[in-house]
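In what follows, every heavy atom counts, from backbone to side chain, and hydrogens, waters and symmetry copies are set aside. Naming: A, B, ... by sequence-line order, numbering from 1 per chain.
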Number of protein chains: 2
Amino acid sequence: MMETLRALAEPNRFQIVELLRKGSRPVGDLVDRLGLRQPQVSKHLRVLSDAGLVEVRVDAQRRIYTLRPAPLQELQEWVERYRQLWEGNFQRLDALLGQMKTQEKKRGRRKRQGDHR
Amino acid sequence: MMETLRALAEPNRFQIVELLRKGSRPVGDLVDRLGLRQPQVSKHLRVLSDAGLVEVRVDAQRRIYTLRPAPLQELQEWVERYRQLWEGNFQRLDALLGQMKTQEKKRGRRKRQGDHR
DNA sequence: AAGACATATTCTTCAATTGGAATATACGAT
DNA sequence: ATCGTATATTCCAATTGAAGAATATGTCTT
């Protein structure tokens, strides 16, 4: 999940993913459409590949890149858990009350964290 | 969208968002739960705030941070467009065919991109 | 008014990331 | 075998991002 987000958080990689949404493409095609140089595209594809977002199929000298569903589905499921936020009924008070209660322990915890470095 | 992704792509910020999902929290509470130092938490909150992911409510010396639905909803809608990927029927050939056709123009484009820097 | 408390900001490293240039690798065509 | 094409990799420079430490700001309590 974190790796998926980090991969997508770069504009050019995001664009690559967007392009691949419509279908697989060889590197050269992406180079043309992105206006980037070939090595950088390859590097971005490497990152996407490491994150499991794309997979390669070899076709002679061409490498055809394809989106892999899994990470995006995972992202989908993650953000789905936030649905309650915009689906109206959402109370935000519980945490505040909990916070009041934990006030006393704070000093102690903070100390422990001090030796932490 | 890009800003949302960049904000979420940092583990601590991601954690902050996760914590806020259950309800609003003051900074000190986040500090305790994350095991980070207060300034870093404030800085992360700043980034999240700039990305529109959280909003602040002032309560005396406390600042209560709350998740804002909008960016997450946007993310939800974005990833939703990729649903076709894991919903089976997905053809990946069209792009390849398109690619064949554009082959001829490639040299020209590549040249133009050369002066690009 | 003074001190404690909660939070934000600034400044300084330090590590990670990105683009650029050059080069390497591998395949296809001649 | 040689050359052209497609892609990956390496090395370097510049940038960016995050943590740490110190400090500033504002509010509450007494």
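What separates CG of A/Asp29 from P of D/dA6 is a distance of 12 Å, to the nearest Å. Per the geometry, CG belonging to A/Asp59 stands 13 Å off P belonging to D/dA8, to the nearest Å. What separates CZ of B/Arg57 from C1' of C/dT7 is a distance of 16 Å, to the nearest Å. As a whole-Å value, the separation of B/Leu45 CG from D/dA18 P is 13 Å. In this structure, CZ of A/Arg62 is placed 12 Å from P of D/dT5, rounded to the nearest angstrom.
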Extract from the structure each pairing of a protein N or O with an N or O of nucleotides 23-30 of chain D at less than 3.5 Å, listing the distance.
from: D/dC28; atom 1: O4'; to: B/Gln61; atom 2: NE2; distance (Å): 3.2

Produce the list of close N/O pairs, under 3.5 Å, pairing protein atoms with atoms of nucleotides 16-19 of chain C; give distances to one decimal.
from: C/dT17; atom 1: OP1; to: A/Arg6; atom 2: NH1; distance (Å): 3.4
from: C/dT17; atom 1: OP1; to: A/Arg6; atom 2: NH2; distance (Å): 2.4
from: C/dT18; atom 1: OP1; to: A/Arg13; atom 2: NH1; distance (Å): 3.4
from: C/dT18; atom 1: OP1; to: A/Arg13; atom 2: NH2; distance (Å): 2.9
from: C/dT18; atom 1: OP2; to: A/Arg13; atom 2: NH1; distance (Å): 3.4
from: C/dG19; atom 1: OP1; to: A/Asn12; atom 2: ND2; distance (Å): 2.8
from: C/dG19; atom 1: OP2; to: A/His44; atom 2: NE2; distance (Å): 2.8
from: C/dG19; atom 1: N7; to: A/Lys43; atom 2: NZ; distance (Å): 3.4

Show me the donor-acceptor pairs within less than 3.5 Å that the side chains of residues 71-78 of chain A make with the rest of the protein, sequence neighbours left out.
from: A/Gln76; atom 1: NE2; to: A/Glu80; atom 2: OE1; distance (Å): 2.8
from: A/Gln76; atom 1: NE2; to: B/Glu80; atom 2: OE1; distance (Å): 3.0
from: A/Trp78; atom 1: NE1; to: B/Glu18; atom 2: OE1; distance (Å): 3.1

Side-chain donor-acceptor contacts of residues 7-14 of chain A below 3.5 Å, not counting sequence neighbours, with atom names and distances?
from: A/Glu10; atom 1: OE1; to: A/Asn12; atom 2: N; distance (Å): 2.9
from: A/Glu10; atom 1: OE1; to: A/Arg13; atom 2: N; distance (Å): 3.0
from: A/Glu10; atom 1: OE2; to: A/Asn12; atom 2: ND2; distance (Å): 3.4
from: A/Arg13; atom 1: NE; to: A/Ala7; atom 2: O; distance (Å): 2.8
from: A/Arg13; atom 1: NH1; to: A/His44; atom 2: ND1; distance (Å): 3.2
from: A/Arg13; atom 1: NH2; to: A/Arg6; atom 2: O; distance (Å): 3.4

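We find that A/Arg63 and A/Asp59 are not joined by a salt bridge, their nearest charged nitrogen and carboxylate oxygen being 4.0 Å or further apart.
The shortest distance between the side-chain N/O atoms of B/Tyr65 and the OP1/OP2 oxygens of C/dA6 is not below 4.0 Å.
Counting only heavy atoms from C-beta outward, the side chains of B/Leu30 and B/Leu45 approach each other to under 4.5 Å. The shortest distance between side-chain heavy atoms of A/Lys43 and A/Val47 does not fall below 4.5 Å.
Taking the side-chain hydrogen bond (donor to acceptor under 3.5 Å, both in side chains) definition, one finds that A/Ser42 meets it with A/Gln38, sequence neighbours left out.
Judged by a 6.0 Å distance limit and a 45° cone about the ring axis, B/Arg25 is not positioned over the six-membered ring of B/Tyr65.
By the 6.0 Å contact criterion, CZ on B/Arg83 is enclosed, its count of non-hydrogen atoms from other residues, nucleotides or ligands being greater than 12.
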